Amino acid sequence: MTDAPSNPSGLTLSQRAMIAAQGPAPWLDDLNPAQRAAVEALDGPVLMLAGAGTGKTKALTARIAHLLRMGKARPNEILSVTFTNKAAREMKDRVGRLLGEVAEGMPWMGTFHSLSVKILRRHAELVGLRSNFTILDTDDQLRLLKQLVAASNIDDKRWPARMLAGMIDGWKNRALTPQKVPSSEAHAYAGKGTELYEQYQDRLKTLNAVDFGDLLLHCVTIFQAHPDVLAQYQRWFRYILVDEYQDTNIAQYLWLRLLAQAHHNICCVGDDDQSIYGWRGAEVGNILRFEKDFPGAKVIRLEQNYRSTPHILAAASGVIAVNAGRLGKTLWTEEQEGEKVRLIGHWDGEEEARWIGEEVESLQRGRAVGRFRLDDMAILVRASHQMRAFEDRFLTIGLPYRVIGGPRFYERQEIRDAMAYFRLAVSPDDDLAFERVVNLPKRGLGEKAQGDIQRFSRAAGVSLLEGAREMVARGLIGGKGGGQLRAFVDGVDRWHETTLNLEANHVELAEKILDESGYTAMWQADKTPEAPGRLDNLKELVKALEQFENLQGFLEHVALIMDNDTEEAIDKVSIMTLHAAKGLEFPVVFLPGWEDGLFPSQRSMDESGLKGLEEERRLAYVGITRAEVLCTISFAANRRVYGQWQSQLPSRFIDELPAAHVEVLTPPGLYGGGYGAAAPFAGTSFGSSLEDRVAKADVYNSPGWRRLQDRSSARPVSQPREARGTVIDITAASAYAVGDRVFHQKFGYGRVTGIEGDKLDIAFDKAGSKKVVAQFIVPAEQADDVPF
DNA sequence: ATGAACGCATTTTTT
DNA sequence: ATGCGTTCAT
């Protein structure tokens with residue numbers, strides 16, 4: 001292992017000399033003074049406070065280049081940590097671009113979790129594991145906990161296993177082993193919280209498995225209990241870089257601090273104003289405390305923003321300034337003017353969706369000359385249920401959209417099921433995998449039969465598969481379940497044997513497994529709207545296998561690496577949560593649903609009070625600062641909340657927007673004056689001046705609007721699109737007749753009740769009657785092979 | 001063992 | 001409203 005502390009190698013001296021000889025450092029050239037300072041402050045602790053859009057990734061990658069260029073460290077002596085695989089990948093790419101193949105030699109660039117796995121596999125025995133331990137996903141984790149809860153006579157109505165999972169995660173986030181949980185929390189979960197936590201950890205050890213939290217926790221435990229091991233890594237990592245430091249939890253903080261203690265060369269990059277993950281254990285305190293934790297730290301602020309127009313920045317700054325206890329930054333830009341942030345109220349959520357849909361289309365067409373691609377536009381919501389109104393509307397008008405951040409590919413049910421089959425084929429004694437698929441598809445093995453297998457196997461001290469095999473042999477499983485269980489066990493045996501055969505093709509094996517198990521057939525027989533998509537996902541899974549040597553290799557990687565970034569070529573508007581939007585930017589951003597209780601979220605305020613409100617405010621800040629040229633905030637006077645209509649008040653964050661940087665638009669229903677969306681404005685401080693503004697707002701004819709369009713024409717634009725809904729679509733619509741059975745990706749099956757131009761009226765079996773563009777419809781009998 | 005009927009909660013999400 | 005998990009009837 002070339003990257004191991006125990007076996008140092010990396011670049012040879014002559015290679016280093018070659019890099020050093022490459023002359024002036026191009027990576028320093030186009031940095032601004034602050035960025036340059038951050039890059040050149042190589043030694044000692046550095047805190048880089050990087051506001052939104054200030055080029056922190058650029059600074060970070062330049063810093064790595066500089067470290068290498070100055071001969072301060074070899075590529076494998078730099079520890080560089082991110083939160084997501086995506087961020088790690090981007091960093092690798094950018095360093096690679098700066099330095100060529102040297103980036104290949106940076107084995108310690110990755111996520112907290114992937115780096116922890118790497119360390120843990122080397123020292124697994126120190127925490128009672130073998131180095132080939134498996135990493136459980138949250139599904140397995142929960143199943144395990146449920147078993148333990150059931151076994152300990154706890155009323156799982158009052159104390160759901162989910163809750164316990166949350167508590168254990170919380171403890172692990174704080175680097176607390178069962179023994180270290182403070183006594184003040186020992187009474188949690190019916191007084192058995194710590195006890196169950198301990199049992200859970202024991203069970204994991206027996207299974208030679210860890211959950212995500214363990215990856216960090218075990219590392220910290222090892223570092224703390226084995227100074228010799230720690231010292232090795234401390235010596236090895238001459239320089240440490242951390243991205244998104246404001247998102248670190250206590251375990252990650254300890255992990256870093258322990259590793260940094262020898263050289264103190266740690267550079268943390270972050271923005272306290274973008275800390276939005278407190279609810280999952282992130283400690284803003286880590287970044288606020290940095291100078292105390294690392295005495296003599298240099299603090300460098302990146303404040304020049306290269307992303308947004310002055311109005312957008314000013315609006316965001318005005319909101320975030322309300323928060324107390326910030327480290328404080330003032331973003332500025334050299335950009336000129338630009339549009340003010342637009343604010344508009346609507347009668348209800350549907351109208352809001354309709355209006356945004358029209359805006360998107362209008363921006364896409366560019367009205368006069370300029371246009372934005374759909375890819376350049378995003379709708380950022382507080383909670384994912386808000387997405388629905390937009391999806392419904394966009395499907396109806398045929399506006400292509402993509403939802404970012406749904407369940408990840410490998411989190412989908414069908415993928416996890418398939419993976420469980422693969423796991424079983426690779427290691428037949430993977431009990432969790434066995435449990436998951438033994439009765440999937442239905443094999444007549446219900447609770448009773450499965451319980452019998454559990455008890456039998458435990459008594460015999462064998463795996464569930466072995467126990468099942470033995471029970472079948474002895475005829476202990478009754479009726480039709482018995483025969484099917486035998487077939488299942490035989491299947492696993494055959495697959496496992498194929499696994500051992502080095503000649504065998506693992507992609508074919510995977511197909512065979514899904515086929516012979518009846519799993520594929522199960523979804524083919526399923527007529528719900530999701531089934532075709534699931535079959536597609538399975539195909540994609542099998543295809544992904546091609547890039548690996550064998551099933552084992554695939555399973556190894558998949559738990560941590562595989563993500564959902566299928567970059568589609570098709571031009572689409574993005575819909576996502578504010579959380580998912582962090583780190584992204586779009587020329588045009590819509591921020592709907594700014595209503596008190598929804599945003600800021602009532603729950604956040606109830607549970608975390610002022611702290612919660614401030615985190616919500618940071619979320620508002622993140623939202624606004626995603627926008628490059630046009631940011632539109634909106635709210636509705638009425639909204640259906642959990643099926644009940646509720647009247648809403650505009651968000652308090654709207655009051656915090658500096659009025660000088662906001663332009664209030666007239667809601668569509670208001671042109672005649674009178675009844676409409678004006679009502680909700682009353683009573684808010686912003687609202688008092690708002691009625692005047694509403695009267696004179698005719699944004700489409702305003703100079704600002706025209707200026708915006710002029711500028712947008714200078715931006716890269718997509719190839720001119722055909723106006724939609726002409727010849728082709730009418731042909732599509734005319735392919736149907738009233739009474740036809742049809743299928744729609746989202747709404748499922750239905751019957752055509754009317755045809756109108758390129759749109760069809762359809763009575764859906766489940767989703768009710770809707771008017772939908774014909775191009776989104778297929779005849780029901782083709783539903784299985786839709787190329788969606 | 002399995003499908004239908006009822007009750008209940010319901011932000012945000014990476015690894 | 002809706003989905004999910006539990007209970008009830010087949």
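Here is the naming used below: chain letters follow the sequence lines, and residue numbers restart at 1 for every chain. Computed from a predicted model, the values in this text were never measured in an experiment.
- For B:dT11, one of the phosphate oxygens OP1 or OP2 lies less than 4.0 angstrom from a side-chain nitrogen or oxygen of A:Y642.
- A:S601 comes within 4.0 angstrom of a base, heavy atoms only.
- OP1 or OP2 of B:dT12 lies within a sub-4.0 Å distance of a side-chain N or O belonging to A:S384.
- Comparing A:G213 and A:I276 against DNA chain B, the residue whose closest nucleotide sits nearer the 5' end is A:I276.
- Atom CG of A:L380 is separated from atom P of B:dT11 by 20 Å (rounded to the nearest Å).
- Counting any heavy atom pair closer than 4.0 Å across all strands shown, A:Q644 reaches no nucleic acid atom.
- Under the 6.0 Å cut-off for aromatic ring centres, A:Y277 and A:W279 qualify, their centroids lying closer than that.
- Within 4.0 Å of A:D247, counting heavy atoms only, lies no atom of the nucleic acid at all.
- Across the protein-nucleic acid pair, A:D526 atom CG and B:dG3 atom C1' stand 14 Å apart, rounded to whole Å.
- Within the structure, a side-chain polar atom (N or O) of A:T577 is placed less than 4.0 Å from OP1 or OP2 of B:dT13.
- A donor-acceptor contact shorter than 3.5 Å is absent between the side chain of A:Q141 and the backbone of A:A165.
- Side-chain to base pairing of A:R603 with B:dT10: no donor and acceptor N or O lie closer than 3.5 Å to each other.
- The ring of A:H218 has its center no closer than 6.0 angstrom to the ring center of A:F133.
- Which of B:dT12, B:dG3, B:dA1 sits closest to the side chain of A:K442 comes down to B:dG3.
- Taken from CG in A:L115 to CG in A:L215, the straight-line distance is 11.0 Å, to the nearest 0.5 Å.
- Rounded to an integer number of Å, the gap from A:Q646 CD to C:dA1 P is 14 Å.
- When the nearest nucleotides of DNA chain B are assigned to A:A449 and A:E607 by heavy-atom distance, the more 5′-ward of the two goes with A:A449.
- Within the structure, a side-chain polar atom (N or O) of A:N85 is placed less than 4.0 Å from OP1 or OP2 of B:dT15.
- Between A:R388 and the phosphate of C:dT2, there is a side-chain N or O to OP1/OP2 separation shorter than 4.0 Å.
- Between the C1' atom of B:dT12 and the CG atom of A:D169 lies a distance of 15 Å, rounded to the nearest Å.
- B:dT15 has no stacking from A:F83 on its base ring, since the centres under 5.5 angstrom apart and planes within 30 degrees of parallel are not both found.
- Screening A:K146, A:R203, A:R423 for a salt bridge (Lys or Arg N to Asp or Glu O under 4.0 Å) with A:D140, the sole residue that qualifies is A:R423.
- For B:dT12, the base is stacked against the aromatic ring of A:W279, per a cut-off of 5.5 Å between centres and 30° between planes.
- The listed nucleotides are B:dT12, B:dT2, B:dA1; the one nearest the side chain of A:K448 is B:dA1.
- Among the heavy atoms of the strands lying under 4.0 Å from A:E411 is at least one base atom, whether or not backbone atoms are also near.
- Between the CZ atom of A:R443 and the P atom of B:dT2 there is a distance of 11 Å, rounded to whole Å.
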Begin with the C-alpha distance, continue with both residues' side-chain angles, and end with the deciding distance and a verdict on salt bridge (charged side-chain N to carboxylate O under 4.0 Å, His left out) for A:E351 and A:R354. CA-CA 5 Å; A:E351 190 195 286; A:R354 195 177 326 127; 5.1 Å; no
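- Within the 4.0 angstrom heavy-atom criterion, no nucleotide atom of any strand lies near A:Q386.
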